[in-house]
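In the text below, chain A, chain B and the rest are named by the order of the sequence lines, each starting its count at 1.
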Number of protein chains: 4
Amino acid sequence: MVTNLRADAARNRERVLEVARAEVAEGNVSLQLNEIARKAGVGVGTVYRHFPTPRALLEAVVGKELATMVQLTEQASQMQDIRAAMEFLLRRTLDLQLCTSGGLAEVICAIEDADERTTHAKSEMRRLADHLLERARAAGVIRPEITGEDVRNLMAGLERAVELDPDRADVYVSVLIRGLSG
Amino acid sequence: MVTNLRADAARNRERVLEVARAEVAEGNVSLQLNEIARKAGVGVGTVYRHFPTPRALLEAVVGKELATMVQLTEQASQMQDIRAAMEFLLRRTLDLQLCTSGGLAEVICAIEDADERTTHAKSEMRRLADHLLERARAAGVIRPEITGEDVRNLMAGLERAVELDPDRADVYVSVLIRGLSG
Amino acid sequence: MVTNLRADAARNRERVLEVARAEVAEGNVSLQLNEIARKAGVGVGTVYRHFPTPRALLEAVVGKELATMVQLTEQASQMQDIRAAMEFLLRRTLDLQLCTSGGLAEVICAIEDADERTTHAKSEMRRLADHLLERARAAGVIRPEITGEDVRNLMAGLERAVELDPDRADVYVSVLIRGLSG
Amino acid sequence: MVTNLRADAARNRERVLEVARAEVAEGNVSLQLNEIARKAGVGVGTVYRHFPTPRALLEAVVGKELATMVQLTEQASQMQDIRAAMEFLLRRTLDLQLCTSGGLAEVICAIEDADERTTHAKSEMRRLADHLLERARAAGVIRPEITGEDVRNLMAGLERAVELDPDRADVYVSVLIRGLSG
DNA sequence: TATGAATGAGGCTTCATTCAT
DNA sequence: AATGAATGAAGCCTCATTCAT
């Protein structure tokens, strides 16, 4: 991703990201740049240089998952069984959202992005997902009035439900799938 | 509700609650007691006396809605058309959750309560809801593996989805209903 | 000035003002509220409560001098010898400006005030000064094109000159007086 | 001015100076070396190499104006009409001070200089000005007790007054001229 | 009981300066 | 000679909570 960076700068950036990732994994989605600097053993300024806002840092943290989402969507697009594709995509999406404690969902549902790479990834993901959804609608697997936006919103909601009882993730996904079905 | 309270104390309590309710309605679920005291025209200490923690205040605020939920659940229990009953209950629940900006959902899904009256109301509501659900399951209106807890969690999630796009509330409710259907 | 204040609050307020006054006297006109809190031995919040902005504090600090200015202007207004009155007023004004390290001049020349009592005092002072100036103009002691605003601006400038060489204060005042003369 | 400098180093120096000059012209007299480096497209280190302190940079920036001042003073010295000479010099000095947002006045009135070329220019300027003043005194155009230092201090003050109301620059200059007159 | 002044930890962000590359 | 990443002190301000009145 970021290449034109001095070796030591890159190392620091990685350390910060690592710490931030750990925070997110622990559920602290509102990242405190000072705290992260301390844990990463770098000066505050360093964190601010790399990530001017908590938002930018969050996007960098979930960037990997967002990229994965794009890949998954593409993968799903290429599956023959459209219902299986939807189930696959939603289930995997949920996993990604969960391991980022909702950070990914937040980035996906945000209207403004801090980093344009986020915007690009999101729009690519949407393009693919909307296309898949179109096929699903045509196949009668998804009700016609459901938009891609709806699915993303419902997924964000689903994630919250699963946070409340992680053991029921599969049940909840199946509820959503059935709910969306035509 | 609260007895053995001097008239002025009761008046203060009400004023605080009113202000807090307005805050919650505006989406400020993490209540700032200082701010509330100021708006209510009472000292901070007074707020703390009546509501030792923000949590306690939140519970007091949504107490009315929680009571309404109990009533609604009871009402739903008495409806003949079980599917209509479920739809009625979920839709109305969502409305209550929305007008408390998720405060109600938070209280309902919380494991620990600050006030035991909350605990009582919640358990009463659960009893009634579980009973309704039992009937719904028997009637084949709800899939058998769905528990009352599941419904509550999914409702909390639904509320988040609706927050993301309030205009789609009806669609999202219908998705949930269908998803729960046997 | 401020009366409806609890005894301890008033004491703290005074302590803060005292420290701030000392700062100003030492030339630190841009008051640092944290620093002042520390020196006054009170919490930062206390300072912020009494003086929401550095500006408000500065105005409070020079309030006394501003009041004195109003008195002096009134006194000057009642003197028979109009030239002596102008000399008296300018010289005394300069003294007040100097002992506030220009803080008074800054407040006087500011367009926006933090405290409306400042605004009142300033407008009272201007009213009196403009009246005196009118008389001075009529008496041919001040050139006709000079406005009250001009005098205030020139006094602010004069203060800077005097800061550069305090020993020459009298000379500089006499230069100004002569410069203003018709 | 600066010799024995590699071509690229000289170019960098110039770029920095240009940016700093623009800052000063806009009123930012306390120069932020980071900011300037960014705008000049050079590293901070480069700025520090050429100008170890903000002060040094400021002196470099107003060096041109200081040189102009020397020229103007010389020019004024050669004018026949001594009153016209004083008026010419003061008015032009004020213009220079204004377009450096007081930076020039600050350098002129400073006791310590960062760069000895500043010291030289200042002393040359003083020599010429004092000489002119001597003539002015002799001609009865300037009051006998006024020193060159006084004039410089008063000019610094005048600049402040003009900053407060730039439209009155001419009036204020005339006040000073008259004030200095014998 | 009520008040609201006081506290001060805790979060934020900037920026002058250094120094490894 | 140039770079610019890194530093971290230093300033800012808020707000949850306590406690003297």
Q) Can any side-chain N or O of D:Asp113 pair as donor or acceptor with the backbone N or O of D:Asp115 at less than 3.5 Å? A) no

(Q) Counting runs of three or more consecutive pairs, Watson-Crick or G-U wobble, with each distance below 3.5 Å, where are the stems of DNA chain F? (A) E:2-21 with F:2-21

Nearest to the [X] side chain among [options], which nucleotide is it?
X: B:Asn12; options: F:dT7, E:dT3, E:dG4; result: E:dT3
X: B:Arg49; options: E:dA2, F:dA5, F:dT7; result: E:dA2
X: A:Ala9; options: E:dA5, E:dA6, F:dA6; result: F:dA6

Protein-nucleotide distance ([X], atom [atom1]; [N], atom [atom2]), rounded to Å:
X: A:Lys39; N: E:dG11; atom1: NZ; atom2: P; result: 11 Å
X: B:Arg38; N: E:dT3; atom1: CZ; atom2: C1'; result: 16 Å
X: C:Ile36; N: F:dC13; atom1: CD1; atom2: P; result: 12 Å

Q) Taking only side-chain nitrogens and oxygens of D:Thr46, does any of them come within less than 4.0 Å of OP1 or OP2 of F:dT3? A) yes

Q. Does B:His50 put a side-chain nitrogen or oxygen below 4.0 Å from OP1 or OP2 of E:dT1?
A. no

Check this for me: does any side-chain nitrogen of one of [X] and [Y] sit under 4.0 Å from a carboxylate oxygen of the other?
X: D:Arg160; Y: C:Glu159; value: yes
X: D:Glu35; Y: D:Arg38; value: yes
X: A:Arg117; Y: A:Glu59; value: no
X: A:Glu106; Y: A:Arg55; value: yes
X: A:Arg13; Y: A:Glu18; value: no

Q | Sequence-aligned protein contact record of nucleotides 12-21 of chain E, with B where the base is within under 4.0 Å of a protein heavy atom and S where only the sugar-phosphate is | A | BB-SBBB---

Q. With no hydrogens and no angle check, do the side chains of A:Thr46 and A:Asn12 hold a donor and an acceptor under 3.5 Å apart?
A. no

Q) Cut-off 3.5 Å, side chains only: do D:Thr100 and D:Glu65 have a donor facing an acceptor? A) no

Q. For D:Gln97, which residues count as a side chain to side chain donor-acceptor pair (under 3.5 Å) partner, sequence neighbours excluded?
A. none

